[in-house]
Amino acid sequence: MSEGEKAPVESEGAAVGAAVGAAEGASNEPTIGQEAKGFVRLRNSVWGSIVGKDEGRERWSSRIAFFFAAVGLPSALESRVAFFFAAVGSAVGFGNVWRFPQLAADYGGGAFLIPYLIALFIIGIPILFLEISLGQFHQTGDVGVFGSINARLRGVGLSSVACAYMLVCYYTMLIAWVINAFFDSFTSNSPWNNEDLNGDDAVGYFFNDIIGMSTVWDSTDLRPTRLVWKNVGYAFLAWLIIYLCVAWGLKWTGRITYFTMGLPIVLLFVFLGTAVSLPGSEDGIQKYIGEWDMSVLVDSPDVWSRAVTQIFFSLSVTFGVMTAYGSHCKKTEPAFANSCVVACSNCLFSFISGFAVFAALGHLAYLNPDADWPTYESFGLVFGTWPVVLNTLPGGVHWVRLLFVDLFLLGLDSAFSLLEGVLTVVRDTVRFQDKSKFVVAGVACLTAWFVGWMYATDAGLFFLDVIDFYINFVMLLVGFFESFSVGWIYGIEKSIDVLGAPTVLSFMTGNFCSVILACGLWFGLKNGNAVWAGFVALILFYLACLGICLFFMSKKVKEEGSTWTWKSILFELYFRNMSDYKKELQPVVGRVPNTWCFLIRHIIPQILLICFINLARSDNEDGESLFGHYGGYATWPYQVLGIMCAAFALFLFLIGVAAPKTMAWLDLPEEKKIWKPYKKSDPDEKKPESDEENEVKNDNEKEFAAEEEPEADPADAFVE
C-alpha cells in the first residue's frame, strides 16, 4: 500500500483519519483508503451544499468513517467456506434449473449424462482448475493472468470478460422477469389462485403477460414492436441490487452468498420432496434417468458440443469469474481440491434439479392422461411445471411466491459474479487501479442496464435465445484459447531457444492442423466412410509432422550428444513447458496433477477445437447450418446481432495477438507482474570473473572432481 493510500484525508479531521486507518489496518486490501476517501468526498459535496458548516461536516465525517470501518470494505473473501459459497453460487444458476433438464430431455434422457460427465472430468474440472489456480497465483483477473504468459494473450482474457458482460446484460433480464412475476402474484390478474391452472396456461401467462410477448406474434418475422416499460423498471431494480452486492467488495459479496446460495439449496430439497411425493412423479423420473436413447450419441453429434457448453456455462468458466474469485483467495489455498468441490457441487445441484423438474412433468402428465407428454422449452420448462405443482398444495400461491424468491436468489449470485469478473480485470489495470469500485461498478451496471433494454422489448426472449446460443458458441473458442495459452504458449520462447523453431512449430502444426483436417472430413463428407477417413488423415498428418520433428532432433542429438539423449529431448518436446509450469505453481497453489498437465497440452485444446467446428457445422431441422440460421429466427436483427457478439469476442482476441500495444492500457502494475519475459541465452557471452570468484570456482572443481554425481533426468522427476 502506498503512503498516499495510508494517509487520511487532511480536511476530514482526526476522527476520519483514525477510523479509516483502523479499517486499513484490519485488511491487506490496497484500495480501502481510496474507497473511503471517495465516499467522504461524495458526502462532502452533498452535505456541504445542505449544511455548509464545518461542525456538521466534522460530525458526519466521523459517522461515515466509522461505518466504513465497521462494514469492512476490503475486497477479499474471508475464508475457504466463503470462497465455496461464492464460487458454487456463481456456478449454480438458471442453467442448472432449466437448461440441464432441457438438454437431458432433448438428447436421450439418461444418455445425455455420458457426454456430460465426460465433459465434466476431461474438460470442465481441468479448465476450472486452470482459472482458479492462475487467479490465485497472480492475484489478478483474466487479462492480467494471460497477459503474464505473453503480452499478446491479453486478448484471451479480454474476450472472456467481454462474453461475461454480454451475458450478464441478458441474464439480468431473466432476473427482472422473475421479479415481475413475484410482484404480479399479488395482483388480481395472477393465475395462481386458479385451481384448474394447467401448464399451458402458466407458460402462456409467463410469456404473454410477464415478458410481454402478446404483441410480437403479429409482427413481421417476429420483430420487436414495443418496449415493456414494466420490465425496464424491474431490470433497473435488479441492477441496483447487483450493484449493492458488488460495490462493497468481495468480503461482503462472500457474506451475501451465504444467503443467496444457502437458501436455494434448502428450497431445492423442499421442492424435490414435494414433487416426488405427487402421483405420476415416477413416470417423469423414468423419463429422466430410466430411458437411455443411446442413438443420439451418434445420430446427433452436436450433443457432445452441447455437453461441453453446458459444463462451461454451468461452471462459469471462460467468463473470467473463477479467475477473479481465485485472485481474492489466499495464494496458498489448495486450488485443485477447491476446483473439484465447486465442480462436483454444481453438477450435483443440476442432477437433483433434473429430478425435481421431471417429477413435476410426470405429475402434469398424470393430471392430463389424455394429452401428450408435456413439452416445454427454456424458461417455460420451469414456469410450466413447478408453479402448477406448487399451486395444488395448501396455500399454493405462497409456495409459488417462494419459488420466485428461490429463482431470484439463484440468478442473483450468478449475475454479480459475472460482473465481478469484469470489475476485477478493470480495476487491476494501471489506468483504473486508483478508481473507486463504487464508481467503476456503477458505470458498468448503468451501461449494462441500457444495453439490456432490447431484452425488455416484446421480442426480448427471442433476442436472449439467439445471443445466448452465439455466446455459448464462442465459449468453446475461448476455452480453446485459454488451454492453448497455458499448454502451448507458456514457455514457447524457451522451447524455441532449446529445440529450434522448426522443431517446435512442426510439432504444433502436427497437433492442430491434423485436427482441422480430420474435422473437414468428419463433418464435410456425407457418407459412411467419413469417420474412418478423418481418423486416418489425422494420424498420417500427425506422423508426417512428427517425422519432421524427429529429423531436426536427430541432428541436435548428434551435434550435442553429451547434452541430449532421445529420452530427454522427447521430454523436452512433449512435456518440458508443463513440467516448468508445475514446478512454478505447485509450491504456491498446492498439488498440480501430472494428468492435468497432460490434458491441458495434448487433449483439451484439440477436443475444444473439434467441438467448436462440430457446433459450427451442425444443422437445424431444415438442413441449414445452425450458425446464421439458429432457431429459424430472421436474419435481421436476430442472427446479425448474435454473430456480431461472437465476432466481437473473436476480434478482441485477434487484435491482442496482432497489435498488443493497443492493449497496453490493460497492463498490470509492476508489483503484480510475477512471470517475467524469457531472455534467450547467449552461449558466446562470458561474464567476467573476479579473482575471488576464480578462487571459489577452483576450490569447487577440486572438491567435486573426485566423485561427480550424474544429473537427474527431468523426465523421471516429472513422472514422479
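Of the candidates Trp177, Phe182, Phe206, Phe383, Phe383 is the only one forming a ring-ring contact (aromatic ring centres under 6.0 Å, His included) with Phe404. For the ring-ring contact (aromatic ring centres under 6.0 Å, His included) test with Phe462, the passing option among Tyr633, Tyr455, Phe207 is Tyr633; the others fail. Of the options Thr323, Asp142, Thr318, a side chain to side chain donor-acceptor pair (under 3.5 Å) to Ser160 is made by Asp142 and by none of the others. Between Pro101 and the options Leu381, Val382, Leu361, a side-chain contact (heavy atoms from CB on, under 4.5 Å) holds for only Leu381.
In this structure, the ring of Phe481 has its center no less than 6.0 angstrom from the ring center of Phe146. The ring of Phe416 has its center no closer than 6.0 angstrom to the ring center of Tyr243. Ring pair Phe355/Tyr288: centre-to-centre distance below 6.0 Å. The aromatic ring centroids of Tyr116 and Phe100 lie less than 6.0 Å from each other.
A distance of 4.5 Å separates CG in Leu128 from OG in Ser339, rounded to the nearest 0.5 Å. Interatomic distance, Glu420 CD to Asp413 CG, rounded to the nearest 0.5 Å: 13.0 Å. Annotation: the span from Ser277 atom OG to His363 atom NE2 amounts to 9.0 Å, rounded to 0.5 Å. Ile352 CD1 to Leu272 CG: the interatomic distance, rounded to the nearest 0.5 Å, is 7.0 Å. Here the straight-line distance linking atom CG of Leu419 with atom SG of Cys445 works out to 5.0 Å at 0.5 Å rounding. Summarising the geometry, atom CG belonging to Leu418 is positioned 8.0 Å from atom OG1 belonging to Thr172; distances are rounded to the nearest 0.5 Å.
Without hydrogens or angle criteria, Ser353 side chain to Val97 main chain gives no donor-acceptor distance under 3.5 Å. Between the Trp292 side chain and the Gly110 main chain, no donor and acceptor come within less than 3.5 Å of each other. The backbone N or O of Lys331 lies less than 3.5 Å from a partner atom in the side chain of Gln136, making a donor-acceptor pair. Proximity of a side-chain donor or acceptor of Trp522 to a complementary backbone N or O of Asn614 within less than 3.5 Å is not detected. Remark: the backbone N or O of Thr140 is not paired with any side-chain donor or acceptor of Thr424 at under 3.5 angstrom. A donor-acceptor contact shorter than 3.5 Å links the side chain of Asn472 to the backbone of Asp468. A distance-only check finds no donor-acceptor pair linking the side chain of Ser314 to the backbone of Ile311 [under 3.5 Å]. Panel note: side chain Ser414, backbone Gly411; no donor-acceptor pair is recorded below 3.5 Å. Under a 3.5 Å cut-off, the side chain of Ser483 and the backbone N or O of Phe480 do form a donor-acceptor pair. A donor-acceptor pair is defined here as one N or O able to donate and one able to accept, closer than 3.5 Å; such a pair exists between the side chain of Ser316 and the backbone of Ser90.
Side-chain contact between Ile179 and Ile175 is present, with heavy atoms from C-beta onward closer than 4.5 Å. In this structure, Leu410 and Asp406 have side chains that are in contact, with non-hydrogen atoms separated by less than 4.5 Å. Put simply, the side chain of Ile610 does not reach to within 4.5 Å of the side chain of Trp304, judged on heavy atoms. Contact annotation: the side chain of Leu608 never approaches that of Phe612 to less than 4.5 Å [non-hydrogen atoms, C-beta and beyond]. Contact annotation: the side chain of Phe336 never approaches that of Val592 to less than 4.5 Å [non-hydrogen atoms, C-beta and beyond]. Pro605 places a side-chain heavy atom less than 4.5 Å from the side chain of Phe512.
Between Phe313 and Tyr171, the angle of the ring planes lies from 30° to 60°, which puts this pair in the tilted group. Ring planes of Phe627 and Phe473: tilted class, angle from 30 to 60°. Taking the six-membered ring where the residue is Trp, Tyr490 and Tyr581 present perpendicular rings, their angle passing 60° and hence far from 30°. Ring geometry, Trp453 versus Trp449: the interplanar angle exceeds 60°, so the pair is classed perpendicular (tilted spans 30 to 60°).
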With side-chain contact (heavy atoms from CB on, under 4.5 Å) as the criterion, how do Val168 and Trp239 come out once you've worked through the C-alpha distance, each side chain's angles and the decisive distance to 0.1 Å? CA-CA 10 Å; Val168 77; Trp239 275 113; 3.8 Å; yes
Working for side-chain contact (heavy atoms from CB on, under 4.5 Å), residues Phe319 and Phe312: CA-CA 9 Å; Phe319 291 126; Phe312 279 8; over 6 Å; no
Test side-chain contact (heavy atoms from CB on, under 4.5 Å) on Val389 and Trp399; report intermediate values, then the result. CA-CA 10 Å; Val389 170; Trp399 283 100; over 6 Å; no
Would Leu103 and Val303 count as a side-chain contact (heavy atoms from CB on, under 4.5 Å) here? Give the steps. CA-CA 9 Å; Leu103 289 171; Val303 64; over 6 Å; no
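Residues Asp465 and Tyr630 have side chains that bring a donor and an acceptor to within less than 3.5 angstrom of each other. Judged by distance alone, the side chains of Gln639 and Tyr470 do bring a donor and an acceptor atom under 3.5 Å apart. No side-chain N or O of Asp302 forms a donor-acceptor pair with one of Ser300 less than 3.5 Å apart.
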